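I have placed the structure first, in the form of structure tokens, so that the comments after it can refer back to it.
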Amino acid sequence: MAEVSIKKLVKRYGDTEILHGIDLDIAHGEFVVLVGPSGCGKSTTLRMLAGLEEISGGEIAIGGRVVNNLEPKARNIAMVFQNYAIYPHFTVYKNIGFGLRTAKLDKREKDKRIREAAEILDLTPLLERKPSQLSGGQRQRVAIGRAMVRDPAVFLFDEPLSNLDAQLRAQMRLEVKRLHRRLGATIVFVTHDQVEAMTLADRIAIMREGRIEQLGTPDELYEQPVNTFVAQFVGSPSMNLLPGTLDADGQVRLEGLPEFAVPWSGPTGAAQPVTVGLRPDEMRVGDGLPGSGRISGEVEIVERLGHDALVYLKAGGHALIAKAEIANALTPGGPVTVTAAPGALHLFERESGRALPRS
Amino acid sequence: MYDRLTIHQKQAFWAWVFLAVPVVFFIVVRFYPTFDAAWISLTNWSLFREPKFIGLANYKEMFQDPVFWKVFANTFKYLALGLPVSLLISFTVAYYLDRVRFMHGLIRGLYFVPYLTTAVAMAWVWRWFYQPVPIGLFNDALSAVGLPQQPFLRSVDQALPSVLAPAIWAGLGFQVIIFLAGLRAIPETYYEAARIDGVGAWTILWEITLPLLKPTLLFLIVISSIGFLRIFDQVYNMTVDGQGGPLNATRPLVLNIYNSAFVDYDMGYATAQTMVLFLVLLVITIVQLRLLRSK
């Protein structure tokens with residue numbers, strides 16, 4: 001049975017509908033990330049789950065119980081906020097304990113839980129400190145601690161790592177992941193950062209303009225994006241999208257790049273205009289294997305990343321990004337040839353952006 | 001010459017250039033009169049004669065004067081009554097007004113209008129409110145519901161609170177605005193987190209809102225205390241002949257100072273009382289700042 005079940009969830013502000021009927025089932029112990037650009041409705045969805053926003057339509061059930069009209073405290077959830085929301089005038093101990101204020105536990109039990117949570121989160125030496133004496137990462141751990149002591153059915157995270165610097169964010173990401181494994185808790189996590197989504201999630205829901213574009217494991221989203229939006233959103237740097245055609249003979253061709261011709265592995269019909277997707281990671285500088293599609297152009301910029309490099313190139317009037325070995329001697333303005341293996345191709349209908357099935 | 005100064009020295013130079021004007025102003029208009037007053041309080045200056053040094057005679061006279069102790073006590077009654085009542089009312093108004101979206105600006109404006117009105121006009125309107133039937137608004141209302149009339153300004157017991165009421169009312173708008181600003185500065189997520197943790201409205205108020213409002217509260221307590229300790233306009237305009245009657249029941253220290261100076265022309269005695277008021281304000285402000293300063 002699903003721990004969280006969202007059915008046809010709708011949110012309206014006045015006449016403006018900003019969530020258009022979301023369906024999402026989350027299994028017990030699952031880590032689901034809602035990701036998308038700002039304004040896609042991910043935070044609103046989470047806040048409706050928490051009970052901080054009214055539900056305009058549809059149904060939310062937590063642990064098999066419909067919670068549409070229940071106060072947040074009755075929903076058996078805990079939430080971690082982007083700005084931590086820990087109280088500056090309380091010590092760490094009191095902040096963590098605040099989550100237990102209304103719990104029907106005796107004092108000793110509460111104290112035990114607070115100390116347990118602090119132990120797990122490495123906060124034990126800091127229990128008597130005030131938040132102003134803590135670093136950003138420590139504050140976020142206090143916020144997580146406050147959520148943990150309540151032992152909720154579902155943890156909700158609202159962009160919890162966004163206020164941290166890059167290094168700390170990577171570290172906290174690991175801690176959240178570790179915590180999930182340790183507690184086996186059900187987690188719904190909102191972020192706009194696709195790297196965070198890919199690294200943390202069991203399943204990702206990619207949202208845009210109040211709809212879930214695709215729901216799946218990180219690998220599924222990376223390997224089989226259902227449309228150009230998902231294809232570009234997942235993966236860094238973004239997938240190259242180039243206009244081309246899928247000919248009746250099953251060959252994929254690119255506009256303005258006559259030497260590129262690669263057989264398509266999926267079903268073909270009459271010739272049709274398509275958008276061709278090529279991930280920078282799957283393109284190689286050099287001649288490549290026989291049968292690979294060749295693109296020749298001019299190097300614009302080379303970004304060295306240490307053990308490899310990103311090549312920004314211009315070819316046939318298109319701008320592309322490709323990965324290159326650092327050893328390749330590439331100079332801006334010089335010629336470059338990149339190749340893509342047939343299996344690396346993604347095809348999308350030109351008009352709708354929907355993916356064409358691969359076999 | 002200037003070019004050889006370090007950046008720090010240049011900054012200091014310009015800081016002092018710009019500070020010079022307010023520094024001169026404060027010395028001439030604030031500090032000099034304060035120190036001069038301390039000197040005058042040791043003389044018998046009557047405006048018509050040259051001041052003559054008489055030592056602590058003014059202070060001796062003052063501490064032996066029952067009227068001085070009466071007005072001294074009155075002044076603290078204004079403070080002890082006015083401060084908690086005004087803060088309680090203004091906080092309650094601000095707390096609920098903060099949740100009102102409908103005509104929020106207009107309502108806030110209405111609360112603020114009395115603050116902009118001259119105290120004299122307001123005092124006379126309130127004086128009229130307190131008249132007996134059939135003129136006074138309050139007594140009309142009381143008799144309309146069958147309650148006995150009240151003497152208000154003519155009673156030694158009721159006069160002081162009656163004079164205080166318009167003072168509280170006039171300052172309410174200012175306090176409400178400051179409280180609203182303080183309430184707005186508390187991040188919404190604190191309340192959302194508390195809702196998720198399921199704590200009640202009372203706990204939120206006592207454990208989250210009020211502690212986070214401490215700087216605002218401190219500011220208002222200091223400003224309002226000074227205001228109540230210096231109450232004058234309302235008393236002067238609401239009591240017969242501006243004497244703070246009946247039987248000095250409403251007379252505050254500032255009115256007593258005014259009478260000594262501009263009715264009795266005893267400048268030395270007036271400044272001696274002023275020095276006492278000054279010291280009281282100073283001590284109260286320092287104590288409040290100490291007590292409420294966050295550790």
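Treat the numbers as computed from the prediction; the structure is a model and nothing was measured.
- Residue contact with chain A, scored on non-hydrogen atoms closer than 4.5 Å, involves the backbone and the side chain of B:Glu207 alike.
- You'll find the side chain of A:His89 stays beyond 4.5 Å of the side chain of B:Lys214, heavy atoms only.
- A donor-acceptor pair under 3.5 Å is absent between the side-chain atoms of B:Tyr190 and the main chain of A:Tyr87, judged by distance alone.
- Residue A:Leu156 does not touch chain B at all, counting heavy-atom pairs closer than 4.5 Å.
- Taking both residues in full, the closest heavy atoms of B:Arg195 and A:Gly51 are given as NH2-O, 3.2 Å, listed atom of the first, atom of the second, then distance.
- When B:Ile208, B:Leu212, B:Val199 are compared by the number of non-hydrogen pairs under 4.5 Å with chain A, B:Ile208 comes out ahead.
- Heavy atoms from other residues, nucleotides or ligands lying under 6.0 Å from CD1 of B:Ile7 number 12 at most.
- Within a 6.0 Å radius of CD in A:Glu116, other residues, nucleotides and ligands contribute more than 12 heavy atoms.
- For A:Arg75, no part lies near chain B; criterion is any non-hydrogen pair under 4.5 Å.
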- Message: For A:Arg101 and B:Asp197: C-alpha separation, side-chain torsions, deciding distance, then whether salt bridge (Lys or Arg N to Asp or Glu O under 4.0 Å) applies.
- Response: CA-CA 7 Å; A:Arg101 267 310 275 265; B:Asp197 290 339; over 6 Å; no
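- Neither the backbone nor the side chain of A:Tyr84 comes within contact range of chain B; no heavy atoms are under 4.5 Å apart.
- The environment of A:Glu54 atom CD is sparse: at most 12 non-hydrogen atoms of other residues, nucleotides or ligands sit within 6.0 angstrom.
- Heavy atoms from other residues, nucleotides or ligands lying under 6.0 Å from OH of B:Tyr2 number more than 12.
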- Would you sort out whether B:Glu192 and A:Arg47 count as a side-chain contact (heavy atoms from CB on, under 4.5 Å), showing the intermediate values? CA-CA 10 Å; B:Glu192 289 179 344; A:Arg47 291 170 59 82; 2.5 Å; yes
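- Within 6.0 Å of CZ in B:Arg4 there are 12 or fewer heavy atoms belonging to other residues, nucleotides or ligands.
- For a residue to count as touching a neighbouring chain, one of its non-hydrogen atoms must lie under 4.5 Å from one of that chain's; by this rule A:Phe98 touches chain B with backbone and side chain alike.
- With respect to chain B, the highest number of heavy-atom pairs below 4.5 Å among A:Ala147, A:Ala78, A:Pro152, A:Pro88 belongs to A:Pro88.
- By the 6.0 Å contact criterion, NZ on B:Lys10 is enclosed, its count of non-hydrogen atoms from other residues, nucleotides or ligands being greater than 12.
- Within a 6.0 Å sphere centred on OH of B:Tyr115, heavy atoms belonging to other residues, nucleotides or ligands number 12 at most.
- The main-chain N or O of B:Ile196 is found under 3.5 Å from a side-chain atom of A:Arg150 such that the two form a donor-acceptor pair.
- The environment of CG in A:Asp165 is crowded: more than 12 heavy-atom neighbours from other residues, nucleotides or ligands sit within 6.0 Å.
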